[in-house]
Amino acid sequence: MAGEKGFRLKLTGEGVSVDRTVTADVAHQIVAIALGAALAPAESTRQGTDVTSTAREASVSAAGRTPPSVREFLLQQEAKRIPEQIATMALYLKNHRNTPIFTRKDLVKTFEDAQEPVPKNLPRDIGWAVRIGWIAPKVGMKNTYYLTSSGEAAVGAKFPADVRKKTKAASSGRRARKRRSPKAGTA
């Protein structure tokens, strides 16, 4: 890997000691495995990776032998708000359906698969997830998105209170005003 930037991998444990530089692709797969995701079969054989059958076996045991359903995955990651659900579904699509990019139509199908109500204003909620940086539009592909590294980290951390506080819906400045009833005796 001379002249090529990479990620430093240090792993020690019972009978194992690894200290080496890996490609960004391999590093992302390792992070996904560490977060409990299974490797898709195509991922382990892609050219340029050195993911072994041992890593594949580790991902299967981390995922509990069978991949979770979308519903189980949402519950495991404690995704409550719509943008949390969108980011969690994006990670599910990426890791369990080998779909790193997705469209609004894919999200609708995934909400339905999870037996969750499809948000009434999905474009607004997708915009919210984009504004907080959990997903991003895919350049050159209209209405197509991908999960960002900060989105993956938020899902992996199960959306702690500080993350939820920082990612509240931004006010558009057009809050509904309370209607005042006319005062008695004024015309």
Side-chain angles (χ1 to χ4, degrees), residues 4-7 22-51 55-56 59 63 67-74 76-160 163-164 166-172:
E4 195 177 320
K5 290 185 180 181
F7 289 83
V22 296
T23 65
D25 189 40
V26 171
H28 289 119
Q29 290 179 34
I30 292 168
V31 168
I33 292 168
L35 293 173
L39 277 178
E43 292 289 318
S44 63
T45 57
R46 199 167 44 206
Q47 188 178 29
T49 65
D50 58 354
V51 178
R56 212 173 312 116
S59 72
S69 68
V70 183
R71 180 87 179 143
E72 289 173 313
F73 196 66
L74 283 171
Q76 288 169 358
Q77 301 313 121
E78 300 173 19
K80 293 176 177 61
R81 301 177 304 166
I82 303 295
E84 293 169 3
Q85 292 175 342
I86 290 171
T88 301
M89 289 176 181
L91 184 60
Y92 183 88
L93 290 169
K94 178 181 172 187
N95 290 341
H96 297 288
R97 293 192 180 160
N98 199 23
T99 308
I101 60 172
F102 59 93
T103 63
R104 189 179 312 161
K105 185 177 176 182
D106 296 326
L107 282 177
V108 168
K109 172 84 171 94
T110 309
F111 271 99
E112 290 170 349
D113 290 348
Q115 298 292 306
E116 282 289 322
V118 177
K120 299 270 190 243
N121 194 344
L122 190 55
R124 177 202 59 208
D125 296 325
I126 289 171
W128 181 6
V130 168
R131 277 191 307 280
I132 57 182
W134 291 345
I135 64 171
K138 183 78 174 157
V139 176
M141 297 178 77
K142 188 175 181 179
N143 296 318
T144 304
Y145 306 89
Y146 65 93
L147 181 67
T148 65
S149 57
S150 61
E152 193 163 338
V155 174
K158 298 184 178 182
F159 308 100
V163 169
R164 285 193 168 119
K166 280 194 277 187
T167 58
K168 282 187 177 179
S171 170
S172 64

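Just so we're clear, the structure is a prediction, and the values are computed from it rather than from any experiment.
Between K109 and V70 the shortest side-chain heavy-atom distance does not fall below 4.5 Å. Residues P68 and H96 are in side-chain contact: their nearest non-hydrogen atoms beyond the backbone lie under 4.5 Å apart.
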Considering only distance and modelled atom types, tabulate donor-acceptor pairs under 3.5 Å from the side chains of residues 137-149, sequence neighbours left out.
| residue | atom | partner | partner atom | Å |
| --- | --- | --- | --- | --- |
| T144 | OG1 | K142 | O | 3.2 |
| T148 | OG1 | G133 | O | 2.4 |
| T148 | OG1 | W134 | O | 3.1 |
| T148 | OG1 | S150 | OG | 3.2 |
| T148 | OG1 | G151 | N | 3.0 |

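For the atom pair CG of D125 and CZ of R104, the computed distance is 10.5 Å after rounding to the nearest 0.5 Å. The line from CD of E116 to CZ of R71 is 4.5 Å long, rounded to the nearest 0.5 Å. Within the model, atoms CD of E152 and CD1 of I135 stand 14.0 Å from one another, a figure rounded to the nearest 0.5 Å.
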L91 and Q77: CA distance, side-chain angles, deciding distance, side-chain contact (heavy atoms from CB on, under 4.5 Å) verdict:
CA-CA 10 Å; L91 184 60; Q77 301 313 121; 5.6 Å; no
Could you go step by step and tell me if F73 and N95 meet the side-chain contact (heavy atoms from CB on, under 4.5 Å) rule?
CA-CA 11 Å; F73 196 66; N95 290 341; 5.5 Å; no
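The minimum heavy-atom distance linking P119 with I82 is given by the pair CG-CG2, 3.7 Å. Nearest heavy atom pair, residue I126 against residue I86, reads N-CD1, 3.9 Å. Shown here for Q85 and K80, the closest heavy-atom pair between the two residues is NE2-O, 3.5 Å.
A donor-acceptor distance shorter than 3.5 angstrom exists from the side chain of R81 to the backbone of T167, with no hydrogens or angles considered. A donor-acceptor pair under 3.5 Å is absent between the side-chain atoms of Y92 and the main chain of L74, judged by distance alone.
Between the side chains of T103 and D106, at least one donor-acceptor pair of N or O atoms lies under 3.5 Å.
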